[in-house]
Number of protein chains: 2
Amino acid sequence: MSPPPTPATDTRSRILDAAARLFHEQGFNATGVSTILREAGVNPGSLYNLFPSKDALLAAVLERYTELLHPVVMAPVEARTSDPVERVFALLQQYREWFSPLDFRLGCPIGNLALEVADSHPEIRPLIKANFDGWIAYVRKWLDEAGDRLPADLDRDQLAGTVLTIMEGGLMQARSSRSAAAYDASVSQLRSYFDFLLTRGAARPG
Amino acid sequence: MSPPPTPATDTRSRILDAAARLFHEQGFNATGVSTILREAGVNPGSLYNLFPSKDALLAAVLERYTELLHPVVMAPVEARTSDPVERVFALLQQYREWFSPLDFRLGCPIGNLALEVADSHPEIRPLIKANFDGWIAYVRKWLDEAGDRLPADLDRDQLAGTVLTIMEGGLMQARSSRSAAAYDASVSQLRSYFDFLLTRGAARPG
DNA sequence: TTTCTGTTTGAATGTTCATTCAAAGCCTTG
DNA sequence: CAAGGCTTTGAATGAACATTCAAACAGAAA
């Protein structure tokens with residue numbers, strides 16, 4: 001799973017760290033390779049020895065996000081609560097806690113890239129989709145684990161996707177207003193919807 | 001309301017049309033001024049005579065979107081149905097009809113810019129927020145018009161914001177997967193939530 | 001016709017961009 | 001120690017970038 005410890009591993013990590021941070025803070029197009037080089041403490045030749053192009057570096061950053069989804073995003077959520085329904089809201093709460101200290105100046109690193117490079121970089125789009133799919137799969141798993149607390153006729157795939165929709169759409173508005181209110185509003189409405197679903201699940205026949 | 005017909009009015013329109021289209025298709029940073037000039041059939045001096053900078057041009061594009069919100073976005077929706085609740089879903093349906101013919105290659109022009117330039121261009125962010133606020137205000141108005149069909153204790157501001165969340169978050173996923181499914185899923189869950197709210201409104205005491 | 005204001009022309013500017021490459025260095029293997 | 005292959009160095013390259021400006025032009029006013 002982890003690559004062999006060749007001399008370039010450190011360099012590769014430093015580049016990926018710097019690139020991921022800068023792409024998140026400034027966007028892909030607005031981040032110059034020279035800035036990545038400076039922040040990573042590396043020369044152009046080293047970067048281009050490891051990554052054939054800036055686009056390939058972006059691809060590597062997105063592959064890394066996929067790898068980090070469990071340890072960085074999902075494991076802390078699952079450690080917070082064991083109730084599958086509460087895990088959904090713990091996940092949404094975690095994003096709030098990550099971004100509200102910065103007044104929502106940054107958005108979701110994947111979502112930002114999704115809107116910036118989705119149709120200009122055909123080879124990147126699948127990597128973004130893979131991140132979204134992985135994220136949704138966890139939510140979907142939790143909804144499954146909720147079993148018959150949720151209505152039997154509920155489309156759980158749809159609902160899992162909607163949780164991501166709420167997170168991304170809410171974060172976008174929070175960023176535009178530099179305030180948590182819009183994010184909280186959407187999460188609060190989702191909670192209200194879940195309350196309804198749980199009532200309907202509890203009232204099931206048989 | 002409309003500017004006086006000075007000779008530069010046509011030029012200004014052509015530039016704004018081209019810039020709006022290109023920013024939507026390619027993003028702000030990925031669109032070169034030279035491309036805008038070519039597509040608008042205009043020379044650099046003309047553009048810089050009317051707009052002091054590329055950033056100022058972006059600001060003008062966003063002001064124009066604000067002006068077009070009613071005639072282009074909301075009036076067609078209000079013409080489609082007079083039922084205020086159905087207008088919410090007609091609005092969401094309209095975005096689907098705009099973007100599905102292009103396989104969701106483009107996203108919401110405002111949303112795209114929101115994530116791309118929100119924190120690098122401080123003077124632009126309020127213009128994005130104004131667009132969002134105007135959009136939400138229509139939804140909010142419709143929710144008001146629904147009167148006691150909706151529960152009295154419903155936070156209608158929150159719900160109106162959530163409708164935008166669903167649109168933006170759904171569109172982002174539709175773009176990443178090049179498919180309407182993710183968008184439809186979120187709209188469908190919102191419909192289910194509205195059905196619940198309408199039931200609860202109808203069942204009100206008194 | 002002359003003057004004036006606003007508009008357009010388009011070549012030129014200087015900067016920043018992603019990328020290249022020959023040379024030097026390092027580290028492992030024989 | 002010698003050989004060979006990654007790895008790093010960092011100056012150099014050419015393209016694309018946003019922007020400028022002096023000069024030409026257009027149309028209205030006097």
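What you are looking at is a predicted structure, and each value in this text was computed from that prediction instead of being measured. These numbers come from the heavy atoms of this one structure, side chains and all, not from hydrogens, waters or symmetry mates. In what follows, chains carry the letters A, B, and so on, assigned in the order in which the sequence lines appear, proteins first and then strands, with residues in each chain numbered from 1.
Separating the CG atom of Leu58(B) from the P atom of dT19(D) is a distance of 12 Å, rounded to the nearest angstrom. Between Ile15(B) atom CD1 and dT19(D) atom P there is a gap of 13 Å when expressed in whole angstrom units. Rounded to whole angstrom, the span from the CG atom of Asn29(B) across to the P atom of dA18(D) amounts to 9 Å. Taking atom OH of residue Tyr48(A) and atom P of nucleotide dA11(D), one finds them 17 Å apart after rounding to whole Å. In this structure, His121(A) places its NE2 atom 11 Å from P of dA18(C), rounding to the nearest Å. Taking atom CG on Asn49(A) and atom P on dG25(C), their separation rounds to 17 Å, with Å as the unit. Distance Lys54(B) NZ to dT19(D) P: 8 Å, rounded to the nearest Å. In this entry the distance linking CZ of Arg12(A) with P of dT7(D) reads 11 Å, nearest Å.
Side-chain contact, Glu86(A) with Trp142(A): no donor N or O sits under 3.5 Å from an acceptor N or O.
The backbone N or O of Gly107(A) sits less than 3.5 Å from a side-chain atom of His24(A), completing a donor-acceptor pair.
Scanning residues 33-46 of chain B for heavy-atom distances under 4.0 Å to DNA chain D yields Val33(B), Ser34(B), Pro44(B), Gly45(B).
Arg96(B) forms no cation-pi arrangement with Tyr183(B), by the criterion of a distance under 6.0 Å to the ring centre and an angle within 45° of the ring axis.
Salt bridge Arg140(A)/Asp144(A): present, at least one basic N to carboxylate O contact under 4.0 Å.
Here Glu25(B) pairs with Arg21(B), Leu22(B), Leu106(B) under the side chain to side chain contact (heavy atoms under 4.5 Å, CB included) rule; sequence neighbours left out.
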Under 3.5 Å, which donor-acceptor pairs link side chains of residues 65-77 of chain A to any protein atom two or more places apart or in another chain?
residue, atom, partner, partner atom, Å
Thr66(A), OG1, Leu62(A), O, 3.0
Thr66(A), OG1, Asn131(A), ND2, 3.2
His70(A), ND1, Tyr138(A), OH, 2.8

